[in-house]
*Asks:* 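Structure incoming, see below.
Counting starts at 1 for both ligands and their atoms, in listed order.
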Amino acid sequence: MSDVPALKVSAIVKTYHVGTALTNIFKGRKNRHTTLTALAGVDLELRRGEILALVGESGSGKSTLAKILVRSIRPTSGELFYGGRLVPAKRTKDATRRIQIVFQDPYSSLNPRLTVKAMLAELLILHKIVPRREVRAESIRLLNRVGLEESALDAYPSQFSGGQRQRLAIARALAVRPDILIADEPVSALDVSVQATILELLTSLQRELGLSILFIGHNLAVVQHLSQRVAVMYLGRIVEVANTEDLFANPRHPYTRALIESVPRMTERVEDEFVIKGEPPSPLNLPQGCRFHPRCPYAVDACRTTDPPLMHVEDWHESACLRFEELPAFSSVRAR
Ligand SMILES: Nc1ncnc2c1ncn2[C@@H]1O[C@H](COP(=O)(O)OP(=O)(O)OP(=O)(O)O)[C@@H](O)[C@H]1O
Ligand code: SF4
Ligand SMILES: [Mg+2]
């Protein structure tokens, strides 16, 4: 793997002005909007040819980051680099092609009025991937690559099962020969029996095409099995990032520990998802200091005033916890 990451984001912030705050109006304040902080300064690298998993509770900002990466929304501030190059604000066809996304619900992302043949041809021609006379052969090659038959060419998305539709969505993403694939909960909407086959497909794409994949997921057993590294997100920040093995053996952030402990048993059952105690604070009103302190069993006074950045723990392992060196050994925590 080259040292230059496939994708890098630096200090990405995304805020939304939401609604009209009634209380502000009644109090006669000038600022009638409330600011929701979806991303509060995200730094992250996706290395070439790796599967990096991004995990965190609902509302932590995972999909917002994914949309910024594929540039379907703009960050409020921060920078984005593809292959070491700063991405200009203006979208170019080549930059759009190089990074593709697959969503949780393949049906809503496929045009129901287009046959598979028309859907693939449109992309292959628009991006000049192959000469026109080779479009059909290339479409068949793409379908075969994702485990579908040539006969799928004349069908409409509604004629496929959920798993097959996700395969189609992946074929469509691959059509433009991207370097990077963002998979935003690609198996969450599928039957358990089908999930493993889609995960196998993603692994084979990484291995055989050298794709760099950002896999957003809720299921830690899947993440442990699938990814080489894991980034943990909490309320719009990455709070820990490490090689998968290190992260599960010795998590160095209390939030990561809580996530891992919340899964009853780390099995490969794809239906096990984490649920941790206590509601996360509202992104409309982030806590001062460490954003995890209201739920953290290790919080001390300093945690209420200092907002910790990601800090170097050891090789390839970073944590945004002031007390990462003092946390008890993880096995003893789990045994409690
Ligand atoms: N267009 C929008 N306008 C206002 N708030 C938004 C918008 N999009 C997202 N948010 C808010 O930003 C925060 C992050 O949302 P996001 O969808 O990125 O979370 P997520 O981690 O993907 O959650 P999930 O696991 O449920 O998919 C949430 O509080 C969400 O309500
Ligand atoms: S900085 Fe303090 S509150 Fe935050 S995770 Fe570490 S111990 Fe907990
Ligand atoms: Mg999401």
*Asks:* Report the nearest protein non-hydrogen atom to atom 27 (O) of ligand 1: residue, atom name, distance rounded to 0.1 Å.
*Replies:* Glu185 OE2, 3.7 Å

*Asks:* For ligand 2, which atoms have a heavy atom of His253 less than 4.0 angstrom away?
*Replies:* 5 (S)

*Asks:* Using a strict 4.0 Å cut-off to heavy atoms of Leu36, name the atoms of ligand 1 that fall inside it.
*Replies:* 11 (C), 12 (O)

*Asks:* For ligand 1, which atoms have a heavy atom of Ser63 less than 4.0 angstrom away?
*Replies:* 17 (O), 18 (O), 20 (P), 22 (O), 27 (O)

*Asks:* Would you say Glu240 and His317 are linked by a side-chain donor-acceptor pair, where the criterion is simply a distance under 3.5 Å?
*Replies:* yes

*Asks:* To the closest 0.5 Å, what do you measure between OG (Ser282) and CG (Leu235)?
*Replies:* 8.5 Å

*Asks:* Quick check on contacts: which atoms of ligand 1 are under 4.0 angstrom from a heavy atom of Val18?
*Replies:* 4 (C)

*Asks:* Answer yes or no: are there more than 12 heavy-atom neighbours, outside Glu325 itself, under 6.0 Å from its atom CD?
*Replies:* no

*Asks:* Which residue supplies the protein heavy atom nearest to atom 25 (O) of ligand 1, what is that atom called, and how far is it?
*Replies:* Lys62 NZ, 2.8 Å

*Asks:* Looking at His218, which atoms of ligand 1 are within less than 4.0 Å of one of its heavy atoms?
*Replies:* 25 (O)

*Asks:* Going by heavy-atom distance to atom 28 (C) of ligand 1, choose the closest among Gly59, Ala38, Gly56.
*Replies:* Gly59

*Asks:* Quick one: do the Thr35 and Thr15 side chains pair a donor with an acceptor below 3.5 Å?
*Replies:* no

*Asks:* Determine the minimum heavy-atom distance between Glu149 and Asn144, stating which atoms define it.
*Replies:* CA-ND2, 4.2 Å

*Asks:* Test your reading of the structure: does Gly61 have an N or O sitting under 3.5 Å from an N or O of ligand 1?
*Replies:* yes

*Asks:* Using a 4.0 Å cut-off to any heavy atom of Thr64, which atoms of ligand 1 qualify?
*Replies:* 14 (C), 15 (O), 16 (P), 18 (O)

*Asks:* So if I count the atoms of ligand 1 from 1 in the order they appear, which ones are less than 4.0 Å from some heavy atom of Ser60?
*Replies:* 19 (O), 21 (O)

*Asks:* If you have a sec, work out which protein heavy atom is nearest atom 9 (C) of ligand 1 and how many Å separate them, to one decimal?
*Replies:* Tyr16 CE1, 3.9 Å

*Asks:* Under 4.0 Å from atom 2 (C) of ligand 1, can you find at least one protein heavy atom?
*Replies:* yes

*Asks:* Decide whether Thr115 and Asp154 meet the rule of one side-chain donor and one side-chain acceptor closer than 3.5 Å.
*Replies:* no

*Asks:* Can you say whether the rings of Phe292 and His253 are parallel (under 30°), tilted (30 to 60°) or perpendicular (over 60°)?
*Replies:* tilted

*Asks:* Just which atoms of ligand 1 are under 4.0 Å from any heavy atom in Pro283?
*Replies:* 29 (O)

*Asks:* Would you find a donor on one side and an acceptor on the other, under 3.5 Å apart, between the side chain of Arg167 and the backbone of Val146?
*Replies:* yes

*Asks:* Anything protein N/O/S under 2.8 Å from atom 2 (Fe) of ligand 2? Just list residue and atom, please.
*Replies:* Cys303 SG

*Asks:* Could you report the tightest heavy-atom contact between Ile170 and Ile198, atom names first, then the distance?
*Replies:* CD1-CG2, 4.2 Å

*Asks:* Does any donor atom in the side chain of Tyr255 or Arg291 lie under 3.5 Å from an acceptor atom in the other side chain?
*Replies:* no

*Asks:* Hey, which atoms in ligand 1 end up nearer than 4.0 Å to a heavy atom of Ser58?
*Replies:* 23 (O), 24 (P), 25 (O), 26 (O)

*Asks:* Considering residues, nucleotides and ligands other than Glu245, do more than 12 of their heavy atoms fall under 6.0 Å from its CD?
*Replies:* no

*Asks:* Tell me yes or no: between the side chains of Gln228 and Gln206, is some donor less than 3.5 Å from an acceptor?
*Replies:* yes

*Asks:* Are Glu79 and Ser10 close enough that a side-chain donor and a side-chain acceptor fall under 3.5 Å?
*Replies:* no

